[in-house]
**Q** 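So that we are looking at the same thing, I have put the structure below in structure tokens.
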Amino acid sequence: MTKRDYKKEFTIDMLSAVEKPARYTGGEFGSVVKERADVRIALAFPDVYEVGMSYLGFKILYHILNRMEGVAAERTYAPWVDMEKLMRERSVVLTTLETKQALAECDLVGFTLQYELSYTNILNMLDLGGVTVLAKDRAEDEPFVIVGGPCVFNPEPLADFFDLAVIGEGEEALPELVTVYKNWKAAGRVGGRTGFLQAAARVNGIYVPSFYDVTYQEDGTVQAVTPNQKVAQPVIYKRVVRDMATVDYPTDPIVPFMSIVHDRIMLEVFRGCSRGCRFCNAGMVYRPVRERKPEQLRQLARQLVDNTGYDEISLFSLSTADYSCLDPLLDGLLKEDFKDERVSVSLPSLRIDSFCIDVAQKVNSVRKSGLTFAPEAGSQRMRDVINKGVTEENLMDAVSAAFTNGWKKVKLYFMIGLPYETDADVLAIATLAKKVLYKYKEVTGKGGAMITVSVANFVPKPYTAFQWAAQDSLTEIKRKDMLLKEAFSRVRGINYQYHESKVSVLEGVFARGDRRLGAALYKAWQQGERFDGWDECFKFDLWQQVFADCGLDPHFYADRVRGEQELFPWEHVSPGVAKAFLANEYRKAKLAQLTHDCRHGDCTGCNVCQQLGVNVVDYTGQMPAVASSTLSAAAEKVAPAATAAATTAALTAKEVQPQ
Amino acid sequence: MKLRLQITKDRSIRFISHLEYARTLMRAVLRAKLPVAYSEGFNPHMKLSLASALGVGVVSQAEFVEMELKEPVPPAEAAQRLRKALPAGIKVLTADAVDDHAPALMSVAGGATYQVVIPATDADQISQAVGAFNAAASLPFTKKAPKTKAGVKEIDVKFYIPHLEAELFGGKLVLRFDCRITPAGSMKAVDLVNALNKQYGLALPVELADIERLDLYRVDDLGRHEPMLAGAR
């Protein structure tokens, strides 16, 4: 959409014709409208409103940025296909919800990279917002396009489209970046776009893709990533908040009119997780664990309830049952702070063992809706391969406790296609699920348990132990699915759910892709591809054709075993975790050896704390000091297969809270 | 006591649904810390109700909400507290208090005043149609009724809307009218436009109709309009 001819208004007939029009009209309680600002930044979520509004990261950044003098942070979301069609027919531009600025009129447009399948939406939103899609073609007066979020640890497939990336946590980095922008703008845009990018690149954690040249070997792998500007650091390390108590937390978030995915207070109890599951990207890129104190959390909870009118608080983190002060926090909230109010507390992710069933009871005392556990793999060997560290006994104890206490519905999450997986491991999923089903009969003396088995396809991610592994091919995934289908046939009481394998292939390609994929993204978007994560929009055949047209081989990215010495396309952007540590984890996976959680034990040598100068913050005991060991020493210090993980670990329970 | 308020649904939030509007009010009541009563039982709900559902997309100067309070709060104070707790698109115009046994606000509304603004150019055709409408004894119309077996329902538009006022300027037709509300129901303002199109061969673009509810009122035994609330603005 070109700048000249666009209109800004969603007319009555447009809003009447689309589903969920409240997605597009804003005006929510708590939204911040600043008509005048020196710097206007659009926080752009590349999915629909109800998904984007549930994202904690933007709640935090919206709050922090809007507290800055002269800075206006506004929101924009991907219009659903019905609205996009009308916008294109009538040349209506995508604007922010607050002051209805076209994206092209903002100073900065910041996208969050939550999952690979939203990448086409980024191109589409830029275009709908009147912003030139390709970064190199952007005019002097156009906004700078920023990316951040979890997938920023391999931003390369999007390198053609963004101007700069914020690597890691944005609470401190983004205000610094905005200040640099403000000064550059106030000084008369010194040096033009490149001038700003150079100034931005001096801010720690800021990555400017155009400041790096990538060369490739004959076999297609990356040969070198070389800075072409003096200011460009060879490796951009992530930004990390040292102490969660020092950064501002939003106590007056926007309260939407329409129902959103997580329609409740999100209270972040800690950041990071060091359980060390070998498939898990979040567990690596959000290190180290940093807790907030229960007293602070209770104060925040009080303010959040008062300011929002929500009656539910979700204690949010990657693994809330691991919070060292969970018990005192729950007691403080439920028995003191909110004992006379209709406020409930829920845990989005709870590792279940006998201790945790008490927690489940506390937060869910009346209604007995489903519990969700994530053993992730069916056999013990496989769970050790992925360092899940959970035993069958843990699971049986957890479900026994749940069934004894009145729960009837259990959902079990598994993955197939993990490295070193055999058919026996796949079939062990069915065996384990059946044991859970029989457990209900044993415990309650009657039938009627409802077990849902949800099986996802494993997708190897950058900065995990499995970043070298090949993803299962489409035929292999389908074959394993058939094995499970067969094993579950004629089993009453188990509902087997399986994820679309073709979508996983695309996810796999972009997760570990390089800059050359930009051509495919551009072409697929031009041919109408968007909302790839939504079944009704995803067109696998189109993607196949696009890859072929661009001379790109999806198998090269998804199901190729990477060499030990291979230079990955993402290594110049780093969460601080040492490659040697990951390589060692991959070796230990093959041997089914466990690595313990460093949160309460010795340093396991991932090198994040040493590299970034941060500490684990855990209020169980003392705060460990920064280890002074060097990278190589730390990597050698890797603990032998620890049993600590096996004894303390349990299962994840997602959504303990009833619907 | 029961607290009654006249509130608005402004242009900026006209496209939020009735359910979303009601939930927004409930959250505002919690933010305002009004001592609202809840129902008994396993799944208690806030004792709060709206006088009449408004179609999605319709702006309103006259929404009426009623809530039961466990302990009395002066209406003016309650209104002031709510104003701070409501999003910009909902304004509190009037507040009033009645005792717990007063008949539900929902049951007393007798009619509503609407304004519909819609693009139109042919002044002659429009004035003829409006004249004919006002002179007609009845105007049968088949409205959509999704909840019924047939999916449609025959109504007489003139029973609900006896009289129309129309003005045309700047390429826009402005219609103003009162629409009766009975215990058995009412009719949608947009269906007036549909009925005019059908009966008089007008081609008013229904999808662009800008509809606003200007008032909601009680009707006394003599047919006179009485305000819903006793409280002053």
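Below, each value reflects all heavy atoms present in this structure, side chains not excepted, and no hydrogens, waters or symmetry copies. By convention in this document, chain letters (A, B, ...) are assigned in the order of the sequence lines, proteins followed by strands, and residues within each chain are numbered from 1.
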**Q** How close do P87(B) and G27(A) get, counting heavy atoms only, and between which atoms?
**A** CB-O, 3.7 Å
**Q** Out of V305(A), D311(A), T25(A), L15(A), which one racks up the most heavy-atom pairs below 4.5 Å with chain B?
**A** L15(A)
**Q** Show me the pairs that pass side-chain hydrogen bond (donor to acceptor under 3.5 Å, both in side chains) and involve residues 192-205 of chain B, at least two apart or across chains.
**A** D191(B)-N194(B)
**Q** Do R27(B) and F29(A) form a cation-pi contact, if we require the NZ or CZ to be under 6.0 Å from the six-membered ring centre and within 45 degrees of the ring's axis?
**A** no
**Q** Only pairs at least two apart or in different chains count here, so list each ring pair (Phe, Tyr, Trp, His ring centres under 6.0 Å) that has a residue in residues 66-98 of chain B.
**A** none
**Q** Any side-chain heavy-atom pair from S17(B) and F257(A) closer than 4.5 angstrom?
**A** no
**Q** Looking at E69(A), I'd like to know if its CD atom is crowded, meaning that more than 12 non-hydrogen atoms belonging to other residues, nucleotides or ligands lie closer than 6.0 Å.
**A** no
**Q** Rounded to the nearest 0.5 Å, how far apart are CG of L19(B) and OG of S259(A)?
**A** 7.5 Å
**Q** Could you measure the distance from the CD atom of E207(B) to the CE atom of M14(A)? Nearest 0.5 Å is fine.
**A** 13.0 Å
**Q** Would you mind checking which part of P44(B) comes under 4.5 Å of any heavy atom in chain A, side chain (CB onward), backbone (N, CA, C, O), both or neither?
**A** side chain
**Q** Would a 4.5 Å heavy-atom cut-off, applied to side chains only, mark F15(B) and I12(A) as touching?
**A** yes
**Q** Tell me, yes or no, whether the heavy-atom count around K143(B) atom NZ, taken from other residues, nucleotides or ligands under 6.0 Å, exceeds 12.
**A** yes
**Q** If every non-hydrogen atom of R23(B) is compared with every non-hydrogen atom of M258(A), which pair is closest and at what distance?
**A** NH2-C, 3.3 Å
**Q** For the interface with chain A, which of A88(B), A32(B), G89(B), A85(B) has the highest count of heavy-atom pairs at distances below 4.5 Å?
**A** A85(B)
**Q** List the steps, then state whether side chain to side chain contact (heavy atoms under 4.5 Å, CB included) holds for V255(A) with R31(B).
**A** CA-CA 11 Å; V255(A) 184; R31(B) 290 191 287 263; 3.8 Å; yes
**Q** Dump the intermediate steps for side chain to side chain contact (heavy atoms under 4.5 Å, CB included) on E28(A) and T24(B), then the final yes or no.
**A** CA-CA 9 Å; E28(A) 307 93 328; T24(B) 299; over 6 Å; no
**Q** Counting only heavy atoms from other residues, nucleotides and ligands, does the tally under 6.0 Å from CD of E536(A) exceed 12?
**A** yes
